[in-house]
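Notes follow once the structure below has been shown.
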Amino acid sequence: MATLVAKVFKALTAIIAAFNLDIWQSNTINTFANSLINKVVYIKYPDGFTIKGKCLLLRRALYGLQ
């Protein structure tokens with residue numbers, strides 16, 4: 001017995017095949033979390049890693065950073 005997710009997936013792939021559409025997949029969570037950022041962003045050290053007078057320069061995006 002198929003779950004609802006499996007039924008929806010089968011229906012979508014049938015529609016894609018019927019209309020000869022292109023399909024692609026991306027992992028947006030990992031793409032966003034590992035993407036390079038275009039501006040200079042400094043953050044404070046996390047709790048437990050405090051070094052007075054110092055901060056961190058981000059080179060890659062963090063989850064939730066926009």
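Numbers here are sequence positions counted from 1.
- Follow the hydrophobic side-chain contacts under 4.5 Å out from Ile23 and you never reach Val8; the two are in separate clusters.
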*Given Leu56 and Tyr45, is the side-chain contact (heavy atoms from CB on, under 4.5 Å) satisfied, shown in steps?*
CA-CA 6 Å; Leu56 299 170; Tyr45 275 88; 3.6 Å; yes
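- Val5 pairs by the side chain to side chain contact (heavy atoms under 4.5 Å, CB included) definition with Thr3, not counting sequence neighbours.
- Atom CG in Leu21 sits 6.5 Å away from atom CD1 in Ile16 (nearest 0.5 Å).
- Cys55 and Ile43 get closest at one heavy-atom pair: CB-O, 3.3 Å.
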*Given the rule in the side-chain contact (heavy atoms from CB on, under 4.5 Å) test, do Ile37 and Leu58 qualify, once you have shown the distances and angles that lead to the verdict?*
CA-CA 8 Å; Ile37 52 179; Leu58 291 182; 3.8 Å; yes
